[in-house]
Amino acid sequence: MPSKIAHAKSAQRSLIVTIDGPGGVGKSTVAKLLAHRLGITYLDTGATYRVLAYAALEHQLNPVTDVAQLATLARHLQLHLGATTNGSLRVTLGDRDITTEIRTERISEAAAQLSQHPAVREAMVELQRRLATHQEVVVEGRDTGSVVFPHATHKFFLDANPTVRARRRQRELKKFYGGAQPPLAEVQEKLQLRDGLDRNRRVGPLMKPEGAMFIDTSRMTAQQVVMKMWRAIHGTPRGGRRLPQ
Ligand code: DC
């Protein structure tokens with residue numbers, strides 16, 4: 001008979017945590033922290049669409065109209081997502097580090113456009129599942145609990161009020177590019193535009209997956225959100241494991 005410990009380990013091995021929500025809601029920060037604390041892999045599906053957008057522009061493809069070429073490119077994308085020593089995500093295409101390059105507004109816009117095409121999404125979902133093969137993962141995006149991993153062990157959906165989200169996105173842009181912060185109204189308008197695209201597409205729209213826990217992060221720190229998720233995964237500290245520091 002398998003021991004309780006062996007059983008607990010095998011149960012742990014199947015951990016797949018999905019975190020979905022709109023841009024600027026704090027998904028990446030929280031997903032990275034949670035993955036680190038759980039000691040499992042962090043998978044940023046938004047980064048995969050951004051790498052495709054980067055490759056597409058390099059090949060001079062139109063992210064709105066060149067659907068067949070984009071899908072072919074997606075099927076052959078040589079991307080690698082790895083952790084850096086400071087815990088952030090290192091993104092490479094072939095042997096080139098494009099960690100910073102994929103965070104520009106131009107790439108954000110192209111990623112939002114090409115992620116509308118069902119044929120592209122199909123290839124990207126396949127790629128995302130492949131990246132997670134034989135691993136425990138915290139995966140974040142727009143459709144990770146509904147389409148990519150509908151059988152995930154734990155699902156979360158994050159949201160926050162539009163101004164808070166715009167401020168967070170503003171900080172993120174400053175982190176990557178330094179200099180002056182772009183005006184809040186401009187960031188908010190762009191977020192809203194992309195939200196519309198994400199929520200209204202036919203395939204893999206942004207939505208709260210069935211069975212997902214909803215968390216409004218407007219007035220919460222990243223640590224508080226992680227604590228809430230940890231409790232949902234392991235039970236409250238009184239009844240389950242303590243959150244490691
Ligand atoms: O989370 P992000 O801003 O890095 O995502 C970049 C784009 O990719 C965004 O416009 C939405 C799209 N995306 C998607 O369609 N599905 C996902 N699972 C993740 C991101």
Side-chain angles (χ1 to χ4, degrees), residues 16-32 42-57 63-64 67 70-71 73-74 77 79 81 88-91 98-132 137-150 152 155-160 162 165-166 168-173 175-177 187-209 212 217:
I16 296 181
V17 181
T18 62
I19 304 177
D20 291 301
V25 82
K27 294 187 303 288
S28 301
T29 309
V30 162
K32 265 180 237 166
Y42 161 58
L43 174 56
D44 174 1
T45 59
T48 66
Y49 285 97
R50 286 172 179 274
V51 173
L52 180 63
Y54 182 89
L57 295 184
V64 178
V67 183
L70 289 165
L73 189 61
L77 207 58
L79 75 82
L81 306 179
S88 63
L89 190 72
R90 182 166 181 263
V91 182
I98 56 167
T99 305
T100 307
E101 286 81 348
I102 62 163
R103 302 291 162 186
T104 62
E105 272 303 320
R106 187 159 173 252
I107 296 295
S108 297
E109 194 182 333
Q113 290 167 334
L114 58 75
S115 63
Q116 301 302 305
H117 309 303
V120 170
R121 297 198 72 82
E122 198 180 309
M124 295 307 282
V125 167
E126 224 172 85
L127 168 75
Q128 291 153 10
R129 287 182 184 148
R130 220 167 39 237
L131 290 172
V137 286
V138 174
V139 52
E140 57 124 328
R142 305 293 191 287
D143 61 346
T144 65
S146 53
V147 177
V148 189
F149 296 108
K155 299 183 187 184
F156 299 95
F157 186 84
L158 308 188
D159 210 344
R165 289 171 45 209
R168 288 177 182 160
R169 180 48 64 91
Q170 225 183 2
R171 277 200 295 272
E172 190 182 79
L173 288 169
K175 186 182 120 193
F176 277 105
Y177 297 106
V187 176
Q188 193 164 338
E189 192 185 332
K190 283 185 176 153
L191 269 180
Q192 235 166 23
L193 267 175
R194 270 179 234 129
D195 260 15
L197 287 176
D198 286 343
R199 288 185 199 273
N200 295 317
R201 66 175 162 248
R202 270 184 306 127
V203 176
L206 170 66
M207 56 146 152
K208 178 179 168 297
T217 68

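In each ligand, atom 1 is the first atom listed, and ligand 1 is the first ligand listed. We're numbering straight along the sequence, starting at 1. Source: prediction; values computed, not measured.
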Closest approach of any protein heavy atom to [atom], naming residue and atom:
atom                    : answer
atom 8 (O) of ligand 1  : Tyr49 CB, 3.5 Å
atom 7 (C) of ligand 1  : Ala111 CB, 3.8 Å
atom 20 (C) of ligand 1 : Gly46 CA, 3.5 Å
atom 9 (C) of ligand 1  : Arg142 NH2, 3.7 Å
atom 11 (C) of ligand 1 : Asp198 OD1, 3.5 Å
atom 16 (N) of ligand 1 : Arg121 NH2, 3.0 Å

Keeping the roles fixed (side chain from [X], backbone from [Y]), state whether a donor-acceptor pair exists under 3.5 Å.
X      : Y      : value
Asp20  : Gly145 : yes
Arg168 : Val25  : yes
Lys155 : Pro150 : yes

Under a 4.0 Å threshold between the charged nitrogen and the carboxylate oxygen, would [Y] count as salt-bridged to [X]?
X      : Y      : answer
Arg194 : Glu105 : yes
Glu126 : Arg129 : no
Arg103 : Asp44  : yes

Inset, instruction - Say whether Gln128 and ligand 1 are in contact under the criterion: heavy-atom distance to a ligand atom below 4.0 Å. - result: no
Inset, instruction - State if Arg169 counts as touching ligand 1 under the rule of any non-hydrogen atom under 4.0 Å. - result: yes
Legend entry - Euclidean distance, Ile102 CD1 relative to Leu89 CG, rounded to 0.5 Å: 7.0 Å
Legend entry - Side-chain heavy-atom pair Glu140, Leu158 within 4.5 angstrom cut-off: no
Legend entry - Gln128 side chain to Thr48 side chain, donor-acceptor N/O pair below 3.5 angstrom: yes
Legend entry - Check: Ser115/Arg142 side-chain N/O donor and acceptor closer than 3.5 Å: no
Could you list the atoms of ligand 1 found under 4.0 angstrom from a heavy atom of [X]?
X      : answer
Arg201 : 14 (C), 15 (O), 16 (N)
Ala112 : 10 (O)
Gly141 : 18 (N), 19 (C)
Arg50  : 2 (P), 3 (O), 4 (O), 6 (C)
Thr45  : 17 (C), 18 (N), 19 (C)
Asp143 : 16 (N), 17 (C), 18 (N)
Ser115 : 12 (C), 15 (O)

